[in-house]
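Basis for what follows: all heavy atoms, side chains included, without hydrogens, waters or symmetry-related copies. So that the names make sense, note that chain A is the first sequence line, chain B the second, and so on, each numbered from 1.
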Number of protein chains: 2
Amino acid sequence: MQQKHIAEVRAFNRFYTSIIGLLDRHILNSRYSLPEVRVLYELYHNENTTASDIISSLQMDKGYLSRMLQQLVRKKLVAKKISTADGRAVHLTLTPAGRKEFETLNRESDKQIQEILEKLSSGDCERMTGYMAEIRSLLTQPKTTESDGR
Amino acid sequence: MQQKHIAEVRAFNRFYTSIIGLLDRHILNSRYSLPEVRVLYELYHNENTTASDIISSLQMDKGYLSRMLQQLVRKKLVAKKISTADGRAVHLTLTPAGRKEFETLNRESDKQIQEILEKLSSGDCERMTGYMAEIRSLLTQPKTTESDGR
DNA sequence: ACAAATTAGTTGACTTTATCAACTAATTTT
DNA sequence: AAAATTAGTTGATAAAGTCAACTAATTTGT
């Protein structure tokens, strides 16, 4: 009876892909691209990040990132500083303007989610976010224990 | 206490975006692009589809689709037939080869999901797919009833 | 200490993906 | 039956992403 489960996961994937697509649309209508926002996100949440860090955490081509950073620097959202410890490495930080801009985008994203949650009763909202947390945890650290008849 | 829920949804979105990205990678390594596979999916599941149908269901640019269909026709996966009822409209169908090819891709996708589910106990698997179905249903038809203190 | 190998990031060339507008031909509206 | 609309095609470009060659700094092995 595994087939039923596979079908449900795939149906969910299709469904959630379109949800995410809808949510992303809002960012695409902003002055930034999706990858740009992801980079801003990384920089906002991690002090003392280098280009290499982003390359590995976002699995991004280094040439692509390099150019993107140039733009973000030109837009005064990001500042580069050559590492004193390693002259090849570049430390990246958001400028105050960059932080502010990210916070605006962040608020907008929050608001978007809020609008979705508002359509749910508080009980449903509680339940749904519980399910989300559960799914994350199940897919993050799949326990191999509980040796029952699977 | 809504903020906590918003944060969970957003965390889930980030998480699931990367899951989907990982799963898509497998298609990207195939001989087809993601949009191509989505078109094949539509054609496989809907008899008697026109280009317009796909444009509206997949929200795709018509020029882009037109060229994509040309390629799929060249690859002998899709057949075009001008509608007898409306000489502008083109009816699209998968050729036998197209159906076969889609079924292969479909099986590969199933297998991919299966590999994920195999890491879960049967109880966890049951639970997770239940959560997915729940989330889908909550986000699809958000009931406005149950007027409790939200 | 120092040559060889590795690493961080940049740059150029290119492919793929996607968008937009102009266009043709068929159909619908008035 | 002229005017407006619709389905799809085509050309021109833009945006997104990849790949390889390259420079400069650092690390490794001897």
Problem - Distance (rounded to the nearest 0.5 Å) between A:S137 OG and A:M132 CE - result: 14.5 Å
Handout entry: N/O (side chain, B:S83) to phosphate O (OP1/OP2, D:dA7) under 4.0 Å
Key = no
Practice task
Report yes if a side-chain nitrogen or oxygen of B:T50 is closer than 4.0 Å to either non-bridging phosphate oxygen (OP1 or OP2) of D:dA7; otherwise report no.
Solution key: no
Practice task
Produce a footprint string for nucleotides 9-16 of chain D: one letter per nucleotide, 5' end first; B if the base is under 4.0 Å from any protein heavy atom, S if only the sugar-phosphate is, - if neither.
Solution key: BBBB---S
Find the distance [X]:[atom1] to [N]:[atom2] and express it as a whole number of Å.
X	N	atom1	atom2	result
A:M60	C:dG9	CE	P	14 Å
A:L58	D:dT18	CG	P	13 Å
A:N29	C:dT19	CG	P	11 Å
B:Y32	C:dT17	OH	P	14 Å
B:I55	C:dT19	CD1	C1'	13 Å
B:D24	C:dT16	CG	P	19 Å
B:D86	D:dG8	CG	P	8 Å
B:E36	C:dT17	CD	P	8 Å

Exercise for the section: Give every residue pair that meets the ring-ring contact (aromatic ring centres under 6.0 Å, His included) criterion with at least one member in residues 108-134 of chain A, sequence neighbours excluded. Expected result: A:Y131-B:Y131
Problem - Side-chain donor/acceptor of B:R88 to base of C:dT27, under 3.5 Å - result: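 Absent.
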Handout entry: Pairing of A:R31 and A:E36 as salt bridge, 4.0 angstrom limit
Key =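 Salt bridge absent between A:R31 and A:E36.
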Only pairs under 3.5 Å count here: list side-chain donor-acceptor contacts from residues 9-26 of chain A, not counting sequence neighbours, and write none if there are none.
residue	atom	partner	partner atom	Å
A:R10	NH1	B:N106	O	3.3
A:R10	NH1	B:N106	OD1	2.7
A:R10	NH1	B:D110	OD1	2.8
A:R10	NH2	B:N106	OD1	3.1
A:N13	OD1	B:Y16	OH	2.5
A:R14	NE	B:Y41	OH	3.0
A:R14	NH2	B:Y41	OH	3.3
A:Y16	OH	B:N13	OD1	2.5
A:T17	OG1	A:N13	O	2.6
A:S18	OG	A:F15	O	3.1
A:H26	ND1	A:Q112	OE1	3.2
A:H26	NE2	A:E108	OE1	3.4

Practice task
Output all residues satisfying salt bridge (charged side-chain N to carboxylate O under 4.0 Å, His left out) with B:R88, sequence neighbours left out; order by chain, then residue number.
Solution key: B:D86
Practice task
Only counting residues at least two apart or in another chain, list the ones meeting salt bridge (charged side-chain N to carboxylate O under 4.0 Å, His left out) with B:R136.
Solution key: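 B:R136 satisfies salt bridge (charged side-chain N to carboxylate O under 4.0 Å, His left out) with A:E8 once adjacent residues are dropped.
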Practice task
Tell me, please, which residues at least two apart from B:K80 pass side chain to side chain contact (heavy atoms under 4.5 Å, CB included).
Solution key: B:L69, B:Q70, B:V73, B:V90, B:L92
